[in-house]
2 protein chains.
Amino acid sequence: MPVPPSAQPLRTPRRRAPRNTLNPDRILDAAITLLDRDGTEAFTMRALAERLGVAPMAIYSHFRGKDEISDAVAQRLLDTVELPGACGAHPDRELREVCLGVYRLFTEHPSALQLLTTRPTRGDDALAVIDRMLTLLRACGLPRQDAVRAHVALMQYTVGSALWSTRRTRAMCEEGARERAKAKLRALPPERYPALASLVPELLCAQDDAAAQYEWGLDRLLRGLLAGV
Amino acid sequence: MPVPPSAQPLRTPRRRAPRNTLNPDRILDAAITLLDRDGTEAFTMRALAERLGVAPMAIYSHFRGKDEISDAVAQRLLDTVELPGACGAHPDRELREVCLGVYRLFTEHPSALQLLTTRPTRGDDALAVIDRMLTLLRACGLPRQDAVRAHVALMQYTVGSALWSTRRTRAMCEEGARERAKAKLRALPPERYPALASLVPELLCAQDDAAAQYEWGLDRLLRGLLAGV
DNA sequence: ACCTGAACACCGTTCAAGT
DNA sequence: ACCTGAACACCGTTCAAGT
C-alpha cells in the first residue's frame, strides 16, 4: 500500500558498485530474505536493489524482470524441501514425512507460497518431491493412475492448509485480533447459525494450532487414500 | 505489469456524473466483472472507476480503499455459494454437494479466490457455508471437536484444489503450453526421476480434468474423515 | 559485460475544491 | 453528501550512457 507523503529530502547518491558484485544466487538470497521478513507487498525491485547495494537496473542484467525472479525463488525453495532418508520398510510413514516437509517449508516461507500460487505453473516445480511421493505411493500398493491422483490430492491439501494457516497468522498479527475474533464468534446469532454457535469452544481451540490441524487432516486423508489396497 | 510507452495523447475530459450514480453494490458488481474478465493484475482503482464512468476518487466516498473493496468482493462471493436443499436423509451426500459448490464457485471466480488467499481473514467468511458443513458433519456422527477439524480440512482441501487448477488453467492459456509441458515431462531423466518418468501417461491424463481430480480426492478425504463413526 | 541515472507509464491515495 | 482534478509517493521497466 502506498505511503502518505513525507519529507525525505535527498538520498545519498550511491557510489558505483564494483563489477560482478551481483549474480543470480546473491539476488535470489536477498529476495528470499526480503520476502520472509517483510512479505510480498514489500518485495520490490527497488527494495531488492537497495538491499543488494546496487541501482535497481543492475538486477536486470541477471534476470529478465520481477516475474522471472519470482519463479526462480519458488523453484529454489521447492528444491530445499527436506526429504526423509529412504528406509523402505514403512512407505506410508515416509509419505507422511514428505508431506510434513512440504507443509513446513510453506509455513516457514509464507510469501514464497503466495508467490507460487500467484504465478502460473511452468510444470517443473518440485520434481524431486513429486518423484519421491509417487515412488512411495506405488510402494504402498496404489495402482499407477491412483498414485498420480493421490499425489495431486496430497499436494492440494498441503498447499491449501499452508495457505489457510499463514492467512490466519497474518490476521492474528494485528493488535487484539484474537480477542476481536473471539468476540465475533460469540456474538453469532444462534438461530441463524445453530451449529456454529454451539461449537464455539471447539472452533476457538481448533484455530490455535495450525500444525496439529494439518496433521489431523493429513492422517485422515492418507487413510482414505490408502484404504483397501 | 507496466506497459511500454505509447502515445495516447489526450483522454476525453469526463463530464460530471450525476449524484448517486454510485453505491456499494454497483461498485462490487463492477469489481467482480473486472476481476473475472481480466484478472487481479487488471483490478485497479482507476480501471474500476473507468468501468463505472466516474473519477477514481468517487469510489472513496463508498469504500475506505482498495483493500476494503477486495474484502467485500470475497465476502459477497462466498455468500453466493449454492447450498443444496436440506433433505437430511443422506448427510454425507449433502456434505459432498456443499464442497462441490464451494469448489465450483472458486473455479468460476479464480481471481476472487486469489483475493481471498492474499488478504488476511477477518474471520467472518462464509458463515452460512460453514454452519451447514458443521451441521452435516455432526449429522454424520462426528464428535464435536472432530466435526470442527473435519470442516477445516475440507475447506483447506477445496481451496488448495481450486488454486491448483486455476494455476494450471492460467498456465495453459499460453500458446502451445500444453505441448511444451508434455515435451518437458517426456524429457525427464529416468535415472533421476524414475517414478515420474514411468508415470508420464498417467500424469498427462490426470492433468486434463481438474474437476474429476477434485472429486476423486474429495471422496477419499470424506471416506477418511467419516470412517469408523 | 555489467552497472548507472533519468524518464515513462503506470499505481493507490491525500488534498482542496466544486456542486 | 457525493463527485472532481491535481498532486504525491510509490511501482516495473525502457533507454541511452558510462566503465
Side-chain angles (χ1 to χ4, degrees), chain A residues 1-27 30-31 34-35 38-73 115 118-119, chain B residues 1-27 30-31 34-35 38-73 115 118-119:
Chain A
M1 291 296 101
V3 166
S6 77
Q8 190 88 21
L10 70 169
R11 38 145 82 213
T12 86
R14 184 196 10 264
R15 47 195 313 163
R16 192 170 191 93
R19 283 180 89 81
N20 303 317
T21 26
L22 244 42
N23 59 55
D25 267 340
R26 247 174 67 66
I27 294 174
L34 204 58
L35 243 6
D38 303 327
T40 34
E41 308 251 287
F43 176 43
T44 284
M45 289 303 271
R46 286 163 143 104
L48 185 54
E50 191 176 8
R51 225 197 122 66
L52 290 161
V54 299
M57 286 312 301
I59 301 172
Y60 287 77
S61 306
H62 304 267
F63 290 95
R64 290 159 101 64
K66 201 189 181 189
D67 286 351
E68 198 171 273
I69 300 182
S70 304
D71 288 338
V73 165
L115 259 179
T118 302
R119 311 241 344 112
Chain B
M1 291 295 100
V3 165
S6 78
Q8 190 87 20
L10 71 170
R11 37 146 82 214
T12 87
R14 183 197 11 266
R15 49 197 309 168
R16 191 169 190 93
R19 281 180 92 80
N20 302 319
T21 26
L22 243 43
N23 60 53
D25 267 341
R26 249 173 65 66
I27 294 173
L34 205 58
L35 243 6
D38 303 326
T40 33
E41 306 252 287
F43 176 43
T44 283
M45 290 303 269
R46 286 163 144 105
L48 185 55
E50 193 177 7
R51 226 199 121 67
L52 290 161
V54 299
M57 286 312 300
I59 301 171
Y60 287 77
S61 305
H62 304 267
F63 290 93
R64 290 160 101 65
K66 201 191 181 190
D67 286 351
E68 198 171 274
I69 301 182
S70 303
D71 287 338
V73 165
L115 259 179
T118 302
R119 310 241 345 112

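What you see is a predicted model; the values in this text were computed from it and never measured.
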query: Can you find an N or O donor on one side and an acceptor on the other, under 3.5 Å apart, linking the side chain of B:Arg16 with the base of D:dC3?
result: yes
message: Within the structure provided, determine whether A:Leu48 and A:Phe43 are in side-chain contact (heavy-atom separation under 4.5 Å).
response: yes
query: Rounding to a whole Å, what distance do you find between A:Lys66:NZ and C:dC10:C1'?
result: 14 Å
message: Return the CG to OG distance between B:Leu35 and B:Ser70, rounded to the nearest 0.5 Å.
response: 7.5 Å
C:dA1 phosphate, OP1 or OP2, under 4.0 Å from A:Ser61 side-chain N/O: no
query: For DNA chain C, which residues in residues 51-60 of chain A have a heavy atom at a distance below 4.0 Å?
result: A:Val54, A:Ala55, A:Met57, A:Ala58
Side chain of B:Arg19 (C-beta onward), nearest among C:dC2, D:dT13, D:dC2: D:dC2
statement: A:Arg64 CZ to D:dG12 P, in whole Å, measures 18 Å
- request: Kindly compute the distance separating CD (A:Glu68) from CG (A:Asp71), expressed to the nearest 0.5 Å.
  value: 7.5 Å
Interatomic distance, A:Glu41 CD vs C:dT13 P [rounded to whole Å]: 11 Å
field: Reported CD-to-OG1 distance for the pair A:Glu50 and A:Thr44, which is rounded to 0.5 angstrom
entry: 10.5 Å
task: Starting at atom CE of B:Met45, determine the distance to atom P of C:dT13, rounded to an integer number of angstrom.
output: 6 Å
task: Measure the spacing between CZ of A:Arg119 and CG of A:Leu115 and express it to the nearest 0.5 Å.
output: 8.5 Å
query: What are the two closest non-hydrogen atoms of B:Gly53 and B:Ala17, and how far apart are they?
result: O-CB, 4.3 Å
- request: Specify the separation, in whole Å, of atom CD of B:Glu50 and atom P of C:dC11.
  value: 10 Å
message: Using 0.5 Å steps for rounding, measure from the CD1 atom of A:Ile27 to the CG atom of A:Leu34.
response: 13.0 Å
- prompt: Dot-bracket for DNA chain C, 5' to 3', counting Watson-Crick or G-U wobble pairs under 3.5 Å, with [ ] for crossing pairs and | for inter-strand pairs?
  reply: ||.|||||...|||||.||
- prompt: After noting the C-alpha distance and the side-chain angles of A:Thr40 and B:Thr118, does the key distance pass the side-chain contact (heavy atoms from CB on, under 4.5 Å) rule?
  reply: CA-CA 10 Å; A:Thr40 34; B:Thr118 302; 5.9 Å; no
Reported CZ-to-CE distance for the pair B:Arg46 and B:Met57, which is rounded to 0.5 angstrom: 10.0 Å
Gap between atoms CD1 and C1', on A:Ile69 and D:dT13 respectively (whole Å): 12 Å
query: In terms of side-chain heavy atoms of A:His62, which of C:dC3, C:dC11, D:dC3 is nearest?
result: C:dC3
message: Measure CG/B:Asn20 against P/C:dT19 and give the value in whole Å, please.
response: 17 Å
Below 4.0 Å: OP1/OP2 of C:dC10 and any side-chain N or O of B:Thr44: no
query: What is the distance, rounded to the nearest whole Å, between atom CZ of A:Phe63 and atom P of D:dT14?
result: 16 Å
